[in-house]
Structure formats: structure tokens, C-alpha cells
Amino acid sequence: MTHQQFIKDLRPDRNLGLELVRATEAAAISARSFIGRGDKNEADGAAVDAMRRFLATVDMRGVVVIGEGEKDNAPMLFNGEEVGSGVGPLCDIAVDPIDGTSLAAAGRQNALSVIAVTDRGAMLDASSVFYMNKLVAGKEAVGVLDIRLPIGENIRLLAKALGKPVGEIVVATLDRPRHTELIDQIRAAGASTRLLLDGDVAGGIQAAMEGNRIDMCVGIGGSPEGIATTCAIKALGGFIQGILHPKSDEEAENALSNGLKLDYVYEADELVKSNNTLFVATGITDGSLLNGVRRRGKVIETDSIILRSASGTVRRIKSEYQQENMDK
């Protein structure tokens with residue numbers, strides 16, 4: 001075996017994506033029973049258990065960089081946990097068994113099960129800072145937008161790059177009190193908004209994908225979601241920038257002690273230092289990116305997507321499971 005082949009064998013490849021989708025499908029199916037029941041912890045617990053079981057069967061040597069939290073507070077899929085069969089490529093993994101737990105609990109749209117993977121040591125470990133201010137758009141935005149600019153200026157720049165009027169630009173952001181001024185500024189610039197109830201991963205991906213109605217996704221959301229989204233954006237050739245947003249002085253101090261930079265614009269290649277990324281997601285509830293889990297008689301149907309940066313591939317996978325064979 002040549003040295004180049006040895007190094008290649010240590011890296012995630014296209015086959016890994018097809019294995020990982022089984023884990024997101026399992027998590028989505030397990031969460032299905034709790035959709036609309038009002039208990040997000042039960043839904044999340046079921047999804048975590050199912051995802052962890054399937055990850056143990058996947059041939060990889062993974063380390064969870066972005067997980068459910070620290071070990072004491074997250075007995076499964078915690079930050080730093082080793083997952084996989086113990087053979088295969090060395091990987092950094094970001095997991096979110098339910099992106100949008102409150103959406104699933106309420107029976108609202110756009111809840112997803114998500115896994116992102118890249119080469120070992122490539123993901124920025126931003127776990128000490130819960131929030132990140134993000135700006136996401138498609139490939140036309142590369143070298144054009146800058147998160148440091150006023151949102152109105154970025155809207156005008158993107159409109160010019162896309163070759164359409166400002167009035168046709170659609171900007172997605174989480175519907176939160178902290179974004180009241182941002183939403184006002186977007187509308188004052190002449191663009192329209194798409195307010196997300198929760199889970200900005202889907203919004204970011206749609207902003208980067210061609211043919212979607214959303215042109216840009218902005219605002220303060222989870223840092224873990226920012227890292228996972230970056231893996232998807234790299235596969236789509238899109239644009240993402242992020243600025244860590246500590247909630248307190250204590251969190252800011254923790255960030256600095258962990259080598260993170262504050263008041264600093266992280267570019268895509270700093271959020272994920274590899275162009276070999278996989279992003280896998282399965283719909284839990286219906287949404288504009290993916291359909292939710294459905295039952296048709298004794299058949300359970302899932303809708304998933306696999307994005308791979310090495311080839312720029314977007315795969316959409318629809319699976320059917322016979323309910324009586326689910327545990328086999």
C-alpha cells in the first residue's frame with residue numbers, strides 16, 4: 001500500500017455517507033412517536049438512543065466534536081465520545097439527533113436529524129460558546145458578502161450578484177426577540193423575511209442550494225449548528241461566516257481559555273478545516289427541505305439528503321422500512 005493510499009483510507013469517503021444515513025433515519029423514525037406530544041426531552045432521548053446504536057455499527061473511528069453536551073449532562077453522544085466500530089476512517093463528527101426539538105414536540109415543520117462528518121481534527125470545537133452569529137448564502141455570495149457590513153448593504157450586494165431586484169430577496173432568520181432590530185432592518189432594505197421557529201440548519205442549507213426561495217440566512221443561532229451547516233455549505237460551494245456570541249462574561253472567558261477568538265470573523269475554512277466533508281440529514285417532520293417520517297400501512301417512509309464536498313454531490317434518498325423488520 002502506498003503512503004497516499006494509506007492516508008486516503010484514513011479519511012471519510014462516499015460510502016460512509018450511505019452508512020450514516022441509516023443512523024439519521026433510525027433517529028427520525030424513533031422520534032416519530034413523540035411528534036406533537038409536547039415533550040421535547042422524550043423525543044430527543046429516543047432519537048439519541050437510536051442514533052447511537054446505529055453509529056456503533058458504522059465502520060469508522062469517530063470522535064464527537066459537536067454532541068449533546070458535556071459527558072455529565074449528556075450520557076450519550078457527548079462531546080469527546082468515541083463512536084463507530086473502531087475500524088475505518090478517522091473522523092470528526094457533529095451530531096444533532098433532532099435539530100428543532102421544540103418543533104418536533106409541537107408537531108411543527110422543519111425538524112431534522114443531522115450528522116456531519118469530516119477529517120479528524122478539522123472541526124472547530126466551539127462547544128464552550130453556545131451561540132454564533134452566522135451569515136449563509138449561495139455560491140454567488142463568495143467574495144461578495146461580509147458579516148461585518150450592515151444587513152442592508154449585504155442584501156443589496158447579494159441582489160446585484162444574483163441579478164435580481166432587492167424586492168425579490170428573501171432572508172431567513174430565527175424568530176427571536178434578539179432579532180427584532182435585524183428583522184426591521186431587512187424589511188427596511190426592501191427584502192422580505194422568512195421567520196424560522198427553530199433550527200436554522202435547514203434555513204442555511206436552503207440559502208446555499210440553487211433553486212430555493214431563500215437567498216440568505218442570518219442571525220444568532222447555535223454554534224453547533226453553525227459547524228454542521230458549514231459541512232453542508234462546503235458541499236454546495238456556498239458561503240458562510242460566523243462570529244462567536246458568548247452569553248456571559250464567564251462563557252467568554254471559557255472561550256478564550258479554549259483558544260477561541262471573540263469579535264473575530266470565522267470563515268468557512270476555519271470553521272471546518274477540510275474540503276472532505278459529509279452532511280447527512282433525515283426529515284422528522286415535513287419541511288421545505290425534506291419530508292417528515294410517514295407511515296403507510298406497515299411501511300415507514302423516510303426522506304433524506306447526503307451532501308459530499310469532495311465531489312459536490314447532492315443525493316436524495318427515499319427509504320421504505322417494513323415495520324416488522326425494523327429491529328433486524
Side-chain angles (χ1 to χ4, degrees), residues 20-55 66-69 74 76-77 93-116 130-131 134 136 172-176 194-209 212-214 217 219-229 231-232 279-296 300-307 316-319 321:
L20 292 173
V21 77
R22 295 167 57 240
T24 56
E25 288 173 348
I29 291 169
S30 294
R32 176 184 175 275
S33 299
F34 301 96
I35 293 173
R37 298 292 181 89
D39 191 332
K40 65 180 184 180
N41 291 328
E42 276 196 330
D44 194 45
V48 169
D49 289 347
M51 179 176 283
R52 190 173 190 271
R53 285 198 305 271
F54 272 82
L55 283 176
I66 303 292
E68 292 290 285
M76 291 188 176
L77 293 177
I93 301 178
V95 297
D96 199 345
I98 304 182
D99 176 52
T101 51
S102 63
L103 298 178
R108 295 192 175 110
Q109 292 190 336
N110 289 318
L112 304 173
S113 181
V114 171
I115 297 175
F130 188 78
Y131 285 116
K134 291 165 274 189
V136 187
T173 190
L174 289 169
D175 188 6
R176 298 288 189 273
R194 290 294 182 273
L195 301 184
L196 309 174
L197 292 173
D198 203 355
D200 58 353
V201 173
I205 293 172
Q206 289 178 86
M209 292 184 78
N212 277 286
R213 189 66 188 93
I214 294 173
C217 188
I220 298 168
S223 296
E225 288 82 356
I227 303 302
T229 301
C231 289
F279 176 91
V280 179
T282 299
I284 297 173
T285 59
D286 286 344
S288 47
L289 180 63
L290 294 166
N291 292 324
V293 180
R294 301 183 181 187
R295 180 175 176 178
R296 180 171 48 82
I300 295 177
E301 301 175 335
T302 60
D303 186 23
S304 304
I305 191 169
I306 302 175
L307 307 176
R316 295 186 177 273
I317 297 177
K318 294 186 181 293
S319 301
Y321 288 87

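Just so it is clear, the model here is predicted, and its values are computed rather than measured.
Considering every non-hydrogen atom in both I35 and G107, the closest pair reads CG2-CA, 3.8 Å. Residues L196 and G203 come closest through the heavy atom pair CD1-CA, 4.2 Å. Pairing each heavy atom of G204 with each of V136, the nearest pair is O-CG1, 3.4 Å. The heavy-atom pair separating G287 from N110 by the smallest distance is CA-OD1, 3.1 Å. Looking at every heavy atom in both residues, D200 comes nearest to G221 through OD2-CA, 3.8 Å. A28 and G283 get closest at one heavy-atom pair: CB-O, 3.8 Å.
The shortest side-chain heavy-atom distance between V95 and R52 does not fall under the 4.5 Å cut-off. The side-chain heavy atoms of L290 and T282, taken from C-beta on, include no pair separated by under 4.5 Å. Put simply, the side chain of L55 reaches to within 4.5 Å of the side chain of I115, judged on heavy atoms.
Taking 4.0 Å as the cut-off between side-chain N and carboxylate O, R316 and D303 do not count as a salt-bridged pair.
Although no hydrogens or angles enter the test, the distance criterion places no donor-acceptor pair under 3.5 Å between the side chain of S30 and the main chain of A27. Side chain of D175 to main chain of L197: no donor-acceptor pair is present (N/O by atom type, distance under 3.5 Å, no hydrogens or angles). In this structure, the side chain of K40 does not engage the main chain of A106 through any donor-acceptor pair within 3.5 Å. Side chain of R108 to backbone of G36: no donor-acceptor contact under 3.5 angstrom is found. Within the 3.5 Å criterion, the main-chain N or O of P97 finds a donor-acceptor partner in the side chain of S113.
Separation of atoms CD1 (I93) and SG (C231) is listed at 11.0 Å; rounding is to 0.5 Å. Note: I205 CD1 to I214 CD1 = 11.0 Å, rounded to the nearest 0.5 Å. Atoms CG and CE, on D96 and M51 in that order, are 7.5 Å from each other to the nearest 0.5 Å. A distance of 6.0 Å separates CG of L112 from CG of L289, quoted to the nearest 0.5 Å. From I220, atom CD1 reaches atom OG1 of T173 across 8.5 Å, with rounding to the nearest 0.5 Å. A distance of 9.5 Å separates CD1 in I29 from OG1 in T24, rounded to the nearest 0.5 Å.
Under a cut-off of 6.0 angstrom, the local environment of CZ in R37 is sparse, with at most 12 non-hydrogen atoms contributed by other residues, nucleotides or ligands.
Residues D44 and T101 bring no donor and acceptor atom of their side chains to less than 3.5 Å of each other.
Residues satisfying the side-chain hydrogen bond (donor to acceptor under 3.5 Å, both in side chains) criterion with Q206, sequence neighbours excluded, are S288.
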Would you sort out whether F279 and V114 count as a side chain to side chain contact (heavy atoms under 4.5 Å, CB included), showing the intermediate values?
-> CA-CA 8 Å; F279 176 91; V114 171; 3.5 Å; yes
